[in-house]
Amino acid sequence: MAQTTAQVSAVDAKIEVSAAGSVWTDISGSANKVDLGAQDRAVGSAFTFDGDGALLTYGKRQPLDVTVTVIYTETATTEGFEFVRALHETVDGATMYLRWTPIGEVAVGGRSQFSTGKGYIKSFQYPPVAADSGDPILTTFTVTAANIVRTASVTA
């Protein structure tokens with residue numbers, strides 16, 4: 001197989017959050033990274049007296065964590081830190097929806113969008129500070145979701 005020529009970068013990725021999955025807030029201007037591990041699927045096994053190997057079956061997909069890194073700001077509730085902080089500090093917690101488009105808004109033609117559906121804020125990091133750094137302050141939040149859905153051919 002020939003080497004691909006269709007590679008992309010996340011230079012113009014779009015990251016959006018929502019409290020209810022209907023009204024979306026674009027946090028791309030304060031988001032730095034979306035990081036998630038592989039989603040596991042339960043695999044069952046059993047042995048019989050006959051044969052040398054196990055019998056295998058598939059189970060359900062396991063929940064997964066999506067961690068988003070954002071730039072700490074104190075300016076607007078529409079930026080990543082303040083939007084998620086408000087949800088995190090809600091009594092008894094709050095649900096959150098997350099979606100991202102790796103190629104972003106400037107792409108011409110079809111592109112993929114990934115979304116969590118209803119998730120739960122599992123962790124939220126308040127701003128760490130360091131006297132020896134001139135870097136922007138980065139914070140993270142983690143959303144636990146049942147699955148990720150890919151929507152193909154989202155167009156501008």
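Quick note: residue numbers are just sequence positions, from 1.
- A pairwise comparison of heavy atoms in L87 and A19 identifies CD2-CB, 3.9 Å as the closest pair.
- Contact record, S112 with P102: O-CD, 3.3 Å, taken as the closest heavy-atom pair.
- Taking all atoms of both residues into account, the shortest heavy-atom contact from L56 to S45 is CD2-CB, 3.6 Å.
- Side-chain contact between K14 and D26 is present, with at least one heavy-atom pair separated by less than 4.5 Å.
- For the salt bridge (Lys or Arg N to Asp or Glu O under 4.0 Å) condition, no pair includes a residue of residues 54-63, sequence neighbours left out.
- Taken from CZ in R99 to OG1 in T116, the straight-line distance is 10.5 Å, to the nearest 0.5 Å.
- Counting heavy atoms from C-beta outward, M96 and V17 have side chains that approach closer than 4.5 Å.
- Using modelled atom types and a 3.5 Å distance limit, the side chains of D65 and T142 yield no donor-acceptor pair.
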With side-chain contact (heavy atoms from CB on, under 4.5 Å) as the criterion, how do V68 and K33 come out once you've worked through the C-alpha distance, each side chain's angles and the decisive distance to 0.1 Å?
CA-CA 6 Å; V68 179; K33 183 179 184 181; over 6 Å; no
So R111 and Q113, side-chain contact (heavy atoms from CB on, under 4.5 Å) or not? Walk me through it.
CA-CA 7 Å; R111 59 189 193 277; Q113 182 177 77; over 6 Å; no
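- Residues meeting the side-chain hydrogen bond (donor to acceptor under 3.5 Å, both in side chains) test with T140, sequence neighbours left out: Q125.
- Residue pairs meeting the salt bridge (Lys or Arg N to Asp or Glu O under 4.0 Å) criterion with at least one partner in residues 38-54, sequence neighbours excluded, are absent.
- For residues 10-57, no pair satisfies ring-ring contact (aromatic ring centres under 6.0 Å, His included), with sequence neighbours left out.
- Annotation: side chain to side chain contact (heavy atoms under 4.5 Å, CB included) contacts of L36 (sequence neighbours excluded): V34, L64, V66, W100, I148.
- Sorted pairs that involve residues 133-148 and meet salt bridge (Lys or Arg N to Asp or Glu O under 4.0 Å), not counting sequence neighbours, are lacking altogether.
- The hydrophobic cluster containing I71, built from Ile/Leu/Val/Met/Phe/Trp/Tyr side-chain heavy atoms closer than 4.5 Å, also comprises L138.
- Contacts classified as ring-ring contact (aromatic ring centres under 6.0 Å, His included) and involving residues 51-91 (residues at least two apart or in different chains) are given here: Y72-F81, F81-F124, H88-F124.
- Counting heavy atoms from C-beta on, the side chains of V70 and F141 come closer than 4.5 Å.
- Sorted by first then second residue, the salt bridge (Lys or Arg N to Asp or Glu O under 4.0 Å) pairs that include residues 74-98, not counting sequence neighbours, are E82-R85, R85-E89.
- Through direct or relayed side-chain contacts under 4.5 Å between Ile, Leu, Val, Met, Phe, Trp and Tyr, L55 connects to no other residue.
- Under the side-chain hydrogen bond (donor to acceptor under 3.5 Å, both in side chains) criterion, T90 pairs with no residue at all, not counting sequence neighbours.
- Applying the side-chain hydrogen bond (donor to acceptor under 3.5 Å, both in side chains) criterion to T69, with sequence neighbours excluded, gives no partner residue.
- Here the side chains of I15 and L98 are in contact, with some heavy-atom distance below 4.5 Å.
- Looking at heavy atoms from C-beta onward, I121 lies in side-chain contact with V84 at the 4.5 angstrom threshold.
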